[in-house]
Every structure is written in structure tokens, then in C-alpha cells.
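All remarks here apply to the structure that follows.
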Amino acid sequence: MRLSRFFLPVLKETPADAQIVSHRLMLRAGMIRQQSAGIYSWLPLGFKVLKKIEQIVREEQNRAGAIELLMPTLQSADLWRESGRYDGYGKEMLRIVDRHERDLLYGPTNEEMITEIFRSYCRSYKDLPKNLYHIQWKFRDEIRPRFGVMRGREFLMKDAYSFDLDEAGARRAYNRMFVAYLNTFERMGLKAVPMRADTGPIGGDLSHEFIILAETGESEVFCDSALVDMGAPGLDVDFDGDLQPLVDARTSLYAATDEMHEAARFESEVPAERRLSARGIEVGHIFYFATKYSEPMKAVVTHPDGKDRPVHMGSYGVGVSRLLGAIIEAHHDEAGCIWPEEVAPFGVGIINLKTGDADTDAACAKAYDALTKAGKDPLLDDTDERPGGKFATMDLIGLPWQLVIGPRGLKEGKVEVKHRASGARHELSLEDAIARLAEGSLPRG
RNA sequence: CGGGGCGUAGCGCAGCCUGGUAGCGCAUCUGCUUUGGGAGCAGAGGGUCGCAAGUUCGAAUCUUGCCGCCCCGACCA
């Protein structure tokens with residue numbers, strides 16, 4: 001993409017309304033525009049990142065055996081009356097009346113609807129297990145939206161729902177999502193720590209929040225630092241195999257948000273040097289809720305013994321739009337965003353220091369074509385802004401690599417490659433720079 | 001929903017207390033000079049001062065109501 005043709009409305013000044021760094025940077029980098037409290041338009045740069053995050057989530061769900069579908073944003077109130085949640089959900093559910101005076105709602109979640117779908121088609125134990133998910137916009141009419149996309153009213157969420165014969169099967173489904181989440185967040189450059197969450201009336205140990213650590217996190221968390229250092233299981237995990245050891249290795253270490261924190265246990269279970277007290281952002285939540293919906297909504301299957309029993313369900317959410325904010329909170333500096341390569345809106349930013357200079361323009365065009373062919377999706381700043389402004393914009397939008405090309409360097413046969421995260425610069429010939437960016441072989445430190 | 005605050009040009013703000021021709025910086029446009037980390041000079045355009053009533057000869061300014069947004073708290077992916 002050539003910047004002169006792109007739509008990148010960057011702001012030099014910080015908007016007054018934005019309090020936290022991710023919100024400020026998303027506004028300044030021209031990624032989002034607020035349309036109403038907690039409701040945002042996704043401008044091209046932000047939209048590209050959103051789609052990349054969504055795609056990683058999708059790939060890892062698929063790898064773990066979940067099946068994608070798409071349910072509507074609007075739901076009939078009748079479904080929610082069946083589960084008993086219509087009256088219980090409260091004012092954060094947006095209720096709508098259509099022209100026939102029928103009650104609708106803008107879905108805050110989809111347990112009822114997926115249960116309705118499941119029960120309509122699945123009758124036998126032979127249909128199990130199943131895990132169905134979708135990535136769809138949700139609306140929760142939060143009392144006080146804030147922090148930009150981190151706490152919006154409208155948000156993009158991946159929610160998966162598992163259906164199993166019994167609790168043992170549900171646990172296997174739970175473990176698959178547990179592992180898939182670790183891989184998902186690692187691919188985005190995040191260190192996500194699973195923390196035991198409140199299971200509410202269901203009880204048991206099958207509910208975890210996935211928290212990423214960031215100084216500006218919304219809640220205080222406590223964990224064993226070994227958990228943070230452990231890393232994800234990796235993409236070659238066999239999801240058909242026994243995942244329990246992988247899960248146990250993590251759940252056996254102490255990790256809790258402030259609501260679940262037990263100071264005494266923390267101190268007795270975790271050696272002093274590994275006691276990590278930090279702030280975190282919740283980016284995923286998984287839980288097993290047994291027959292909470294299948295029972296009232298009569299989602300039953302016939303077991304081998306010929307008897308009908310309600311299926312055991314779990315649900316697994318990832319805040320896709322929230323992740324943009326979370327990633328920025330985890331990866332930024334004073335100058336702007338620092339995108340991990342997997343989610344960066346463009347792979348390389350090419351800065352033409354003197355647009356209109358024939359040699360520089362030609363060198364930039366050559367780099368642009370070569371990197372485009374190499375699949376690096378470059379963004380070429382071919383505007384006639386001054387160099388200082390171009391550097392500042394490129395740092396702000398946070399592309400992982402910058403290729404700086406100007407007449408002064410070209411005279412000596414050199415261009416400069418800058419690694420955004422480390423600030424490391426390399427002086428290379430144009431050909432070397434192109435080749436090494438194309439193959440990703442430049443040092444990242 | 002309780003408490004606090006703010007709505008004046010695209011963005012950031014001053015003016016309001018004490019009513020009298022609507023301002024500043026950035027951005028935008030034109031010209032010239034500049035050009036390796038957010039340039040300089042000269043000029044130009046852009047605002048029914050959130051909306052509506054009221055007080056007044058006269059309202060951005062005072063009064064009332066409404067709307068929107070932000071912050072703190074309780075609540076949440």
C-alpha cells in the first residue's frame with residue numbers, strides 16, 4: 001500500500017478523552033473512531049489488525065477441532081425466556097422491539113441460541129462431541145464504557161460452545177480450549193496466564209480466565225512466575241491425545257486475580273522469589289457449566305443405554321476487539337505502538353525520505369515491488385511530508401520493520417533498516433535489505 | 001445508578017466569574033524558502049459557541065430544562 005492512497009488519519013495531539021495508552025495510541029494512529037460511548041468505527045489500520053487477530057483465533061480454534069458457524073447479532077427474546085435469563089440479565093442487555101411489537105435483543109452472548117441449534121439436529125450420543133464457535137459482534141450496555149476498545153459496549157468476540165455426553169467428555173473439551181488459548185495468545189506475542197476463576201453456582205475447578213500481564217491492567221493478579229515463563233504447548237500439540245498433563249502442569253501453579261486471591265496460600269505455595277504480583281487484562285474466559293442450559297432448553301441426546309439425558313456444555317470466549325488494546329498495552333513505547341509481527345497491520349514500512357528525487361523514488365519502488373512479491377505487505381510512505389514527520393508516523397503506527405531510503409544514503413549505496421521493537425538499525429545495500437527483510441533474517445535485537 | 005467535570009473551527013484549548021464585533025496553537029489551502037527525527041516566512045479559508053426555552057436593548061457569557069461525552073465508585077469479554 002502506498003500511504004498517499006491509504007486512509008491513515010493520524011493525530012499529532014493526544015485526544016483529551018483517552019485515558020489509557022492503548023486508547024490514546026489507537027486514536028492517534030488512526031485505528032478507531034468513537035461513534036458513541038463504547039462504540040467505535042474501525043478505520044483501515046485498526047481493521048487490518050482486528051482481522052489478523054481474528055484470523056489467528058480462528059486458526060487455533062480450528063486446529064483444536066472447533067467448527068465455525070455464524071449466528072446473528074439479534075435474537076428473539078423467546079429463546080431467553082426459555083432459559084430463564086431474559087428477566088435475569090438486567091439492563092446491560094440491549095432490548096429492541098420490532099414493528100410487530102416482538103421483543104428482540106442484541107446478543108450479549110449466545111448460549112441459548114447455540115443450544116437451540118444443537119437440540120434441533122443432534123439427538124444421539126453418536127453426534128457427540130461437538131464444539132461450535134463463531135466470531136461475532138456482541139453488545140453489552142455497560143454502565144460505564146471506558147478504555148477504548150478494552151471496555152466497549154459493542155465488541156467482537158469469539159465464543160465457542162462444547163457439547164459432550166458427560167462431565168469427563170466436557171473436561172476433555174475444556175482442556176482442548178485451554179491449550180488452544182495458550183497457543184492463540186502466544187502467537188499474538190502475549191504472555192497469557194490462566195487463572196482460576198469463580199465458577200459461580202456450578203462449582204468445580206473448570207473455569208479459568210486468561211490474563212495477560214500489562215502495567216496498565218485493570219485488575220491486580222498474583223501468580224507463580226514459573227507460570228509466566230512456561231510458554232505455550234506449541235502448535236504441534238495432538239488435540240486428540242491426552243491434554244490433561246499439559247493443563248495440570250499449569251493449573252497446579254498458583255495464579256489468581258484479586259477476587260480469588262488467598263494471601264496465605266500464595267505465600268505457602270510459592271517460593272518468595274517467584275511470587276509475582278502484577279496487573280492484568282482478561283482476554284479470555286473458559287468455563288464448564290454442565291446442564292445449565294441444556295436442561296431447561298431440553299437439549300438431550302439418547303445415550304447407548306437408550307435413555308435421554310441433557311448434554312454437558314461449556315463455553316469459551318475470547319475478546320477479539322479487546323485484544324487490540326491488550327496487545328498495545330503490552331507492546332508500546334513513548335513513540336507509539338510496537339506490533340508483534342503476526343498481528344502487525346503491515347509487515348514493513350518503507351520511508352521515502354525525499355519524494356520526487358528520481359533515484360530515491362526508484363529505489364523505493366524497487367523495494368516496494370520486491371517486498372510485495374515476497375508477501376511482506378509493505379506500506380510505502382510516498383507522501384511529500386518532511387522526514388521528521390515520516391519517522392514519527394512510522395514509529396506511531398508501529399510496523400515491526402522500517403526501511404529508510406534517502407538520497408544521502410543511496411549515494412553511498414546504503415539504506416537503513418530499523419527494527420521498531422529494539423530500535424536496532426542496520427546499514428545495508430538496497431539489495432541486501434530487500435533480501436533480508438523478505439526472508440526475515442535480520443537480527444531482532 | 002451515586003459523586004465530580006466538560007461540551008467554543010478537524011484536534012488541543014482560552015474567553016464565561018464582571019453580558020457589548022468569537023480568539024490562540026496545531027492541522028488545512030496558496031506562494032516562496034527549506035528537506036536524514038513532527039521546518040521558516042507571508043497570506044487565506046473554516047465556528048448558528050451541544051440543543052431548546054427564558055431574562056435583557058443586547059447572551060458563548062446569566063437562569064431553567066434536555067442531550068452528549070469524560071473521570072471516580074459499584075459491575076463486566
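Side chains are part of it too, since the values below use all heavy atoms of this structure and drop only hydrogens, waters and symmetry mates. Note on naming: letters A, B, ... go to the chains in the order of the sequence lines (proteins, then strands), and numbering restarts at 1 for each one.
For A:His208 and A:Tyr174, the side-chain atoms include at least one donor-acceptor pair closer than 3.5 Å. Side chains of A:Arg58 and A:Gln55: a donor-acceptor N/O pair is present below 3.5 angstrom, by distance only. When only modelled atom types and interatomic distance are considered, A:Tyr133 and A:Asn62 share a side-chain donor-acceptor pair under 3.5 Å.
Nucleic acid contact for A:Lys414: none, since no nucleic acid atom lies under 4.0 Å from a heavy atom of the residue. A:Gly317 comes within 4.0 angstrom of no nucleic acid atom, judged by non-hydrogen atoms across all strands. Base engagement by A:Glu142 is indicated by at least one non-hydrogen atom pair under 4.0 Å involving a base atom. Among the heavy atoms of the strands lying under 4.0 Å from A:Pro407 is at least one base atom, whether or not backbone atoms are also near. Counting non-hydrogen atoms under 4.0 angstrom, A:Gly389 reaches a base of the nucleic acid. In this structure, A:Val318 reaches neither bases nor backbone, as no heavy-atom distance under 4.0 Å exists between it and the strands shown. Counting non-hydrogen atoms under 4.0 angstrom, A:Gly409 reaches a base of the nucleic acid. Using a 4.0 Å heavy-atom criterion, one finds that A:Lys91 contacts the sugar-phosphate atoms exclusively. Using a 4.0 Å heavy-atom distance criterion, A:Gly152 is classed as a base contact. Counting any heavy atom pair closer than 4.0 Å across all strands shown, A:Arg425 reaches a base atom.
Taking only side-chain nitrogens and oxygens, A:Arg144 comes nearer than 4.0 Å to OP1 or OP2 of B:rC71. Remark: A:Thr14 is not in phosphate contact with B:rG12, judged by side-chain N or O atoms under 4.0 Å from OP1 or OP2. Phosphate proximity of B:rC70 to A:Gln34: present, with a side-chain N or O under 4.0 Å from OP1 or OP2.
Checked by distance alone, A:Arg153 brings no side-chain donor or acceptor within 3.5 Å of a matching partner on the base of B:rC76. Under 3.5 Å, the side chain of A:Arg408 and the base of B:rG37 form no donor-acceptor pair of N or O atoms. Counting atom types as modelled, A:Arg28 pairs a side-chain N or O with a base atom of B:rG38 as donor and acceptor under 3.5 Å.
In the set B:rA74, B:rA77, B:rC69, B:rA77 carries the atom at the smallest distance from any side-chain atom of A:Phe155. Among B:rA74, B:rG36, B:rA77, the nucleotide with an atom closest to any side-chain atom of A:Arg140 is B:rA77.
Atom-to-atom, CZ of A:Phe139 to P of B:rA77 comes out at 16 Å; the value is rounded to the nearest Å. Between A:Glu154 atom CD and B:rA77 atom C1' the separation is 14 Å, expressed in whole Å. The CD1 atom of A:Ile143 sits 15 Å away from the P atom of B:rC70 (whole-angstrom rounding). Whole-Å rounding puts the A:Gln35 CD to B:rG68 P distance at 16 Å. In this entry the distance linking CZ of A:Arg146 with P of B:rC70 reads 11 Å, nearest Å. The distance between atom CZ of A:Arg151 and atom C1' of B:rC71, rounded to the nearest whole Å, is 14 Å. The nearest whole Å value for the distance from the CE atom in A:Met150 to the P atom in B:rC70 is 16 Å. Protein atom CG of A:Leu27 is 14 Å distant from nucleotide atom C1' of B:rG12, rounded to whole Å.
Aromatic pair A:Phe155/A:Trp137: ring centres not closer than 6.0 Å. Remark: aromatic rings of A:His419 and A:Trp401 are close, center separation under 6.0 Å.
Contacts with RNA chain B (heavy atom under 4.0 Å) in residues 44-63 of chain A: none are found. The stretch residues 391-401 of chain A comes close to RNA chain B through A:Phe391, A:Ala392, A:Thr393, A:Asp395, each having a heavy atom under 4.0 Å from the strand.
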(message) Please encode protein proximity along nucleotides 24-35 of chain B as a string of B, S and -, counting only heavy-atom distances under 4.0 Å.
(response) -BBS------B-
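Nucleotide B:rC24 is matched to B:rG12 when pairs are restricted to Watson-Crick or G-U wobble geometry with both distances under 3.5 angstrom.
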